[in-house]
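Here is how names work: the chains are called A, B, and so on, in the same order as the sequence lines, proteins then strands, and each is numbered from 1. No hydrogens, no waters, no symmetry mates; every other heavy atom, side chains included, goes into these values.
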Protein chains: 2
Amino acid sequence: MKADAVRGHLDGLLLAVLESGPLHGYAIIAAVQDRSGGLLELRTGTIYPALNRLERIGLLSSSWESAGERRRRCYELTGAGRRTLADERSAWSEFTAAIGSVLNPAVPPGLAT
Amino acid sequence: MKADAVRGHLDGLLLAVLESGPLHGYAIIAAVQDRSGGLLELRTGTIYPALNRLERIGLLSSSWESAGERRRRCYELTGAGRRTLADERSAWSEFTAAIGSVLNPAVPPGLAT
DNA sequence: AGTGTATGTATTGGCAGCCAATATATGCGC
DNA sequence: GCGCATATATTGGCTGCCAATACATACACT
């Protein structure tokens with residue numbers, strides 16, 4: 001998987017892994033990697049600015065948490081975040097259909113009349 | 001469909017529409033738009049540099065053609081181009097599986113033990 | 001003859017957005 | 001005290017597509 005393959009789909013990934021409950025940054029990276037079968041390895045320089053942006057536009061809310069003595073910033077979906085996640089899912093579906101139908105046409109090339 | 005959604009998948013699209021025979025630039029744009037159901041509208045500033053690059057690295061070959069009096073540059077797949085197209089198809093499949101499994105997990109969130 | 005529109009190729013500048021590198025801090029094992 | 005895993009954060013840079021622009025030919029209409 002090439003490095004910046006997630007370009008344009010990052011927001012959806014972040015919202016999706018937060019759907020089942022709040023997570024902090026490091027756990028988000030692990031969740032994405034886990035759910036993608038190890039194929040998607042996000043970096044901190046990728047997700048932290050993205051999480052800040054998503055919070056700023058109201059799709060996430062965050063709160064500091066203490067695990068033992070260690071501080072963690074936990075992010076969770078807002079209502080707007082859930083609605084946007086639904087939008088991202090339809091956009092993804094539309095996107096894959098569009099690219100897919102060009103890449104693998106239903107009518108195989110060479111069989112046209 | 002957001003403007004630069006094809007980022008990272010353009011080469012595959014171009015190779016795919018050329019699989020069934022040679023086409024010139026304008027026809028390639030039309031073919032991609034047609035096969036995507038009108039969702040993918042590539043611009044000349046997008047495909048011409050890409051076609052040049054694909055020819056330069058040996059995936060396409062081109063020849064000038066005269067339709068009536070008008071000159072057209074027709075591109076066709078080379079052997080290496082066909083092999084790369086196959087690679088692009090597996091990469092696409094892997095990519096959609098990776099993003100898709102994060103966006104729409106097989107085990108719906110909230111049903112975990 | 002002139003104007004507008006469709007067809008066709010080509011180049012340039014700009015910028016969104018992700019990554020690599022880097023910095024900082026804590027807790028734990030040894 | 002040293003190294004490693006955990007954890008958050010920022011900066012600079014590069015890739016790669018797009019918007020804008022330019023130019024040429026053919027044809028229809030007036």
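Between B/Ile47 atom CD1 and C/dG8 atom P the separation is 12 Å, expressed in whole Å. D/dT15 atom C1' lies 7 Å from atom CZ of A/Arg7, rounded to whole Å. For the pair B/Arg71 CZ and C/dA10 C1', the computed distance is 9 Å after rounding to whole Å. For the pair A/Leu60 CG and D/dT8 P, the interatomic distance rounds to 14 Å; values are reported in whole Å. The distance between atom OH of B/Tyr75 and atom C1' of C/dG8, rounded to the nearest whole Å, is 12 Å. Spacing between atom CG of B/Leu51 and atom P of C/dT11 amounts to 12 Å, rounded to whole angstrom units. Between B/Leu54 atom CG and D/dG16 atom P the separation is 12 Å, expressed in whole Å. Between B/Glu41 atom CD and D/dA20 atom C1' the separation is 17 Å, expressed in whole Å.
Distances shorter than 4.0 Å separate none of the side-chain N or O atoms of B/Tyr48 from OP1 or OP2 on C/dA10.
Nearest to the side-chain atoms of A/Tyr26 among the listed nucleotides D/dC17, D/dA9, D/dA7 stands D/dA7. Side-chain proximity of B/Val6 to D/dA7, D/dC17, C/dT11: nearest is D/dC17. You'll find that the side chain of A/Arg72 is closest to D/dT8, out of D/dT8, C/dT11, D/dA9.
A donor-acceptor contact closer than 3.5 angstrom is absent between the side chains of A/Arg35 and B/Ser101.
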With 3.5 Å as the limit, what N/O pairs link the protein to nucleotides 20-23 of chain C?
| unit_1 | atom_1 | unit_2 | atom_2 | d |
| --- | --- | --- | --- | --- |
| C/dA20 | OP2 | A/Arg43 | NH1 | 3.3 |

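At distances below 3.5 Å, not a single donor-acceptor pair connects side-chain atoms of A/Glu41 with backbone N or O atoms of A/Gln33. With B/Thr46 contributing its side chain and B/Leu42 its backbone, the two residues share no donor-acceptor pair below 3.5 Å. For the pair B/Ser62 (side chain) and B/Tyr75 (backbone), a donor-acceptor distance under 3.5 Å is absent.
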Could you walk me through whether B/Arg7 and A/Asp4 satisfy the salt bridge (charged side-chain N to carboxylate O under 4.0 Å, His left out) test, starting with their C-alpha distance in whole Å, then the side-chain angles of each, then the deciding distance to 0.1 Å, before giving a yes or no?
CA-CA 10 Å; B/Arg7 184 179 284 266; A/Asp4 61 340; over 6 Å; no
Show your working on salt bridge (charged side-chain N to carboxylate O under 4.0 Å, His left out) between A/Arg89 and A/Glu94 and close with a plain yes or no.
CA-CA 9 Å; A/Arg89 285 193 168 120; A/Glu94 193 178 52; over 6 Å; no
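Ring geometry for A/Phe95 against B/Trp92 counts as perpendicular: the plane angle is over 60°, on a 0 to 90° scale with 30° as the lower cut.
Here A/Leu42 lies out of heavy-atom contact (under 4.0 Å) with every strand.
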